[in-house]
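This chain uses plain numbering: 1 for the first residue, then up along the sequence. Computed from heavy atoms alone, side chains included, the values below leave out hydrogens, waters and symmetry copies.
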Amino acid sequence: MLHMLRQRHWALANAAQRCLHTTTSRPGYIVLVPEIGEEGQLGEGLLMPNGLPAFTDITIEMCLGAIGQQAAAVEKAVKTLELDIQNGKQLKGSDIYSELDAVTAPLETTWGVAKALYLGNSTLIPTKSYMNIHERARNARAAKFCNKTVYTALMQQEDQAGEAEQRLRQKFLLEGKLNGLTLSKDGQDGLKELITQLGRERGNFKNKVNMAVHAFAHVVNDFQLVRDFPDTLLEATARDPKQALEGPWKITLQQPIVEGFLKYCPDRLQRWNVWRANVLKASQQQDKALENSTHLEKIRGLRKRQANLLGYTNYADMSMQTKMIGSVDNLKQIFAQLLKFAGPAQSVQIEEVQRFASANGAEHKLEAYDVSYWARKQLIAEHQLQEDKLREYFPLPRVLSGLFALSEKLFNIRIVEQSKTEVWHPAVKFFNVYDNDVSSTPVGGFYVDCYSKQHKFGRNNGWMVGIRNRNKTADLTPLCALIFNFTDPTPDKPTLLSYDDLQMVFKTFGTALQHLLTQAGYSDLAGLSNIEWDASQVSGYVMSNFLDDPAVLQTLSGHYANDDIIDIELAKKTRLLKTQLAGHKLCKELYLADLDVELHRSSAFWLDVVRKIWPVYQCMPLDKKDAHPCSMTDIFAGDWAAAHFSHLYSKLIAADISSGFAEERSDENYATVGKRYKQTFLSYGGSVPTAEVFRRFQGRDPSVVALLKSLDIFITSQTTEPN
């Protein structure tokens with residue numbers, strides 16, 4: 001079907017009716033999409049003869065034209081299936097899935113190319129153009145889940161050919177239900193109106209947070225206040241990033257900058273000022289014109305009505321339909337088991353930092369804006385662990401080569417650079433991946449862009465962009481891009497990675513491995529597709545957990561000045577960056593996760609919910625004016641409503657998997673467990689429920705113990721059963 005990229009396709013006279021859109025894992029919202037490209041120019045040259053994108057020649061117009069044609073083709077294919085079924089044609093589920101897989105393949109490839117170009121360099125694909133492409137593609141792709149005739153046909157086919165087909169049928173039926181296909185005409189109209197209102201309120205919420213973030217600007221002129229800032233934070237705050245040491249430095253309320261300022265600024269009053277502005281943003285306490293309390297309550301109310309209309313008691317219960325954990329009751333049990341260890345650990349750890357601070361001149365009780373600053377000072381004083389010195393051992397090229405070598409050993413693969421492949425920037429590299437267990441030809445490929453200029457907010461970030469999924473029907477191998485926003489190297493010094501950077505790079509590549517090594521044949525099940533949200537980050541965290549092994553750190557290291565390997569004792573100390581205040585950090589994660597769930601199942605005013613949940617998890621008092629839910633955009637404007645716990649649950653599953661590797665830190669054990677992990681988590685994609693995948697890998701259900709042990713807060717004499 002990829003030849004459609006090079007064929008003219010005129011606009012359909014009867015375009016398929018727009019429908020509610022959902023992702024693979026949660027209910028979504030109506031998307032109003034401009035009609036783009038359906039009568040425009042062809043996407044000539046979008047792909048090279050070898051099937052890889054012709055990045056040298058791709059233009060915005062080509063992407064817009066191609067996406068319009070391909071979106072129309074998907075909608076036409078769905079309409080054709082509908083007519084065939086209505087005319088009595090007997091179609092098996094596998095016939096429906098294969099037909100839709102074939103026609104969706106070109107759309108997903110163009111969408112992925114645009115996404116990679118947008119993140120790599122938005123001058124190639126500006127934000128407005130990309131959002132047009134994104135929404136048009138998303139709406140068209142969702143059409144196959146919103147057709148009542150196709151839904152009814154699959155509902156009547158209880159006997160599916162195999163495990164993958166059964167899984168796809170479950171996906172189509174659940175997506176159909178969440179999109180309102182089981183409702184009456186009046187019910188569907190009511191749901192559409194609800195979702196339209198919800199989209200409007202979410203937009204208002206996000207806009208007010210953005211305005212509140214930019215309304216605050218704290219200017220620092222004294223270099224002594226920023227002298228300990230890491231380079232990324234200096235560059236993000238300096239008036240001229242190219243002369244980051246010159247100042248002045250502008251502190252905004254972008255979250256990475258706030259966190260960095262609280263960690264590195266020595267002036268307590270200045271820390272308080274930034275912290276307070278951050279917890280008050282988008283509330284009446286900051287600016288009544290920007291308050292989000294009203295929108296927050298409207299969003300909660302609309303989501304409850306949406307859930308009720310679809311047959312669920314509340315929005316949290318509806319969200320659990322697409323989560324591995326299964327139910328709110330199961331989730332609450334996990335919270336209780338973790339809190340039993342994290343709560344006492346938090347109290348001990350905060351007291352330890354308090355004693356250190358008091359011994360070093362602090363004449364006050366520690367508050368929320370003091371903790372990260374004094375914890376950093378404690379690591380330096382008691383363990384001689386300075387993050388800036390540590391990063392000197394981890395030049396980016398050495399880290400990437402070490403990461404690839406580790407992956408080759410673990411999973412019996414080969415990663416080979418292809419120097420003549422077209423890329424969007426001369427610094428971008430392309431690699432083929434060979435699976436020695438499968439074939440002698442590449443099973444997939446990935447681009448690496450280390451120096452994207454986009455999204456620099458005081459912290460290095462990484463993205464795994466899926467350009468295309470494995471698709472057996474269309475005979476496509478997976479392709480993705482790893483995009484990072486590291487600072488360019490200089491002639492005197494390569495790009496150096498902090499411990500947080502190492503975690504991020506490993507996590508990003510771990511996610512890519514699940515995309516690249518999948519054996520699932522259907523695109524809608526391949527790689528990360530159809531993975532439950534609370535398991536979607538597991539493969540990334542599994543990879544980053546290898547950094548707990550000092551021997552692995554040594555294989556990644558080589559001091560940029562003399563190529564010395566990091567000392568084993570220093571390598572062992574790096575775990576303190578993960579375990580220091582681990583109880584305190586885990587309690588914060590538990591609080592946010594539980595708050596999110598309760599805000600989507602309780603009818604109480606949001607502030608009353610906060611006051612009820614806060615003391616359960618937090619050992620420091622809640623500030624009387626604290627209004628942090630009013631700026632929680634990922635939950636109230638983004639896609640993480642009643643799903644914030646997914647980050648933590650992915651860590652829990654990953655820690656349990658990693659415990660198998662950690663039983664014996666040797667090449668032999670790593671290879672043995674790596675093979676089992678590859679044959680389950682990396683291979684199945686979304687073709688098997690993650691709970692079952694875990695059982696096939698570990699031989700049992702998940703436990704909280706491994707996560708607690710990895711954070712050094714597990715006490716053997718205690719049981720994990722809640723009190």
Worksheet item: Does N471 use its side chain to pair, donor to acceptor, with the backbone of T473 at less than 3.5 Å?
Response: yes

Item to complete: Measure from the side-chain N and O atoms of R676 to the backbone N and O of F697, and report whether any donor-acceptor pair falls under 3.5 Å.
Response: yes

Worksheet item: Regarding S529 and N469, is there a side-chain donor-to-acceptor distance under 3.5 Å anywhere?
Response: yes

Worksheet item: R167 pairs by side chain to side chain contact (heavy atoms under 4.5 Å, CB included) with which of R169, E165, Q170?
Response: Q170

Worksheet item: So, does S687 use its side chain to make a donor-acceptor pair with the main chain of Y684 at under 3.5 Å?
Response: yes

Fill in: Shortest non-hydrogen separation from D101 to S523 and the atoms involved
OD2-N, 2.8 Å

Discussion item. If you compare all heavy atoms of I613 against all heavy atoms of D594, which two are closest, and at what distance to 0.1 Å?
Written reply: CD1-OD2, 4.1 Å

Worksheet item: Within the distance-only criterion (no hydrogens, no angle test), does the side chain of S650 pair as donor or acceptor with the backbone N or O of H647 below 3.5 angstrom?
Response: no

Discussion item. Do L595 and I635 make a side-chain contact, defined as non-hydrogen atoms from C-beta onward lying under 4.5 Å apart?
Written reply: no

Discussion item. Less than 4.5 Å apart, side chain to side chain, heavy atoms only: is that true for L81 and L91?
Written reply: yes

Discussion item. Rounded to the nearest 0.5 Å, what separates atom CG in L513 from atom OG1 in T508?
Written reply: 11.0 Å

Fill in: V433 vs L517 side-chain heavy atoms within contact, under 4.5 Å
yes

Discussion item. Between K79 and E75 (salt bridge meaning N to carboxylate O under 4.0 Å), is one present in this structure?
Written reply: no

Discussion item. Quick check against the 3.5 Å criterion: does Q321 have a side-chain atom that pairs as donor or acceptor with the backbone of D317?
Written reply: yes

Discussion item. Before we go on, tell me: are the rings of F645 and F335 under 6.0 Å apart, centre to centre?
Written reply: no

Fill in: From CD (E135) to OH (Y130), nearest 0.5 Å
9.0 Å

Worksheet item: Out of K144, K171, K472, which residue meets the salt bridge (charged side-chain N to carboxylate O under 4.0 Å, His left out) rule with D524?
Response: K144

Worksheet item: Does a side-chain N-to-carboxylate-O contact under 4.0 Å join E99 and K76?
Response: no

Item to complete: For P442 and T477, work out which heavy atoms get closest and say how close.
Response: O-CG2, 4.1 Å

Response to the item:
Nearest heavy-atom contact between G190 and L309 is C-CD2, 4.1 Å

Practice prompt. Please test E193 against Q197 for side-chain hydrogen bond (donor to acceptor under 3.5 Å, both in side chains), starting from the C-alpha separation and ending with a verdict.
Written response: CA-CA 6 Å; E193 177 59 28; Q197 294 179 45; 3.2 Å; yes

Worksheet item: Do L707 and D656 touch side chain to side chain, with heavy atoms closer than 4.5 Å?
Response: no

Worksheet item: How long is the gap from OG1 on T149 to CG on L181, to the nearest 0.5 Å?
Response: 9.5 Å

Practice prompt. Quick one: pull up CG in L198 and CZ in R202 and give me the separation to the nearest 0.5 Å.
Written response: 6.0 Å

Fill in: Flag for S683-Q519: side-chain donor and acceptor within less than 3.5 Å
no

Worksheet item: Charged N to carboxylate O under 4.0 angstrom, K675 versus D437?
Response: no

Worksheet item: Looking at CZ of R695 and CD of E692, how far apart are the two atoms once the value is rounded to the nearest 0.5 Å?
Response: 5.5 Å

Worksheet item: Does the side chain of K507 pick up a donor-acceptor pair with the side chain of T511 at under 3.5 Å?
Response: no

Worksheet item: Are K651 and E589 within salt-bridge range, i.e. N to O under 4.0 Å?
Response: yes

Worksheet item: What residues form a side chain to side chain donor-acceptor pair (under 3.5 Å) with D596, not counting sequence neighbours?
Response: H600

Fill in: Qualifying residue for salt bridge (charged side-chain N to carboxylate O under 4.0 Å, His left out) with E108, from R141, R138, R468, R470
R141

Item to complete: May I ask you to test the Y151-C146 pair for a side-chain heavy-atom distance under 4.5 Å?
Response: no

Practice prompt. Find out whether T633 and F205 are in side-chain contact, i.e. whether some heavy atom of one side chain is under 4.5 Å from a heavy atom of the other.
Written response: yes

Worksheet item: For A643, does its backbone N or O pair with a side-chain atom of S646 as donor and acceptor, under 3.5 Å?
Response: yes

Fill in: Student check: side-chain heavy atoms of S539 and F509 closer than 4.5 Å
no

Item to complete: Answer yes or no: is there a donor N or O on one side and an acceptor on the other, between the side chain of N330 and the main chain of I325, under 3.5 Å?
Response: yes

Worksheet item: Just wondering, are more than 12 heavy atoms of other shown residues or ligands nearer than 6.0 Å to NZ in K332?
Response: yes

Discussion item. Could you check whether F546 and F661 have their ring centres less than 6.0 Å apart?
Written reply: yes

Practice prompt. Evaluate the ring planes of F172 and Y97, with Trp represented by its six-membered ring, and classify them as parallel (under 30°), tilted (30 to 60°) or perpendicular (over 60°).
Written response: tilted

Item to complete: Output, in order, the C-alpha distance, side-chain angles, deciding distance and verdict of side-chain contact (heavy atoms from CB on, under 4.5 Å) for V542 and Y677.
Response: CA-CA 10 Å; V542 167; Y677 176 68; 3.7 Å; yes

Worksheet item: With a 4.5 Å limit on heavy-atom distance, are the side chains of L648 and L338 in contact?
Response: yes

Item to complete: Using atom types as modelled and distance alone, determine if a side-chain donor or acceptor of K323 lies under 3.5 Å from a backbone N or O of D534.
Response: no

Worksheet item: Can you tell me how far the CG atom of L586 sits from the CG atom of L339, to the nearest 0.5 Å?
Response: 8.5 Å

Discussion item. Quiz question: by atom type and distance under 3.5 Å, do the side chains of Q70 and T110 form a donor-acceptor pair?
Written reply: yes

Worksheet item: Do the charged groups of R300 and E201 touch, with an N to O distance under 4.0 Å?
Response: no

Worksheet entry | Atom CD of Q86 with >12 non-hydrogen neighbours under 6.0 angstrom | yes

Worksheet item: Is the side chain of S658 donor-acceptor paired with the backbone N or O of A655 at a distance under 3.5 Å, no angle test?
Response: no

Worksheet, complete the sentence: S544 and Q503 have their tightest heavy-atom pair at CB-OE1, 3.4 Å

Discussion item. Quick check: closest heavy atoms across M543 and S407, and the distance to 0.1 Å?
Written reply: CE-OG, 3.4 Å

Discussion item. If we ignore hydrogens and angles and just use 3.5 Å, is the side chain of S602 paired with the main-chain N or O of L599 as donor and acceptor?
Written reply: no

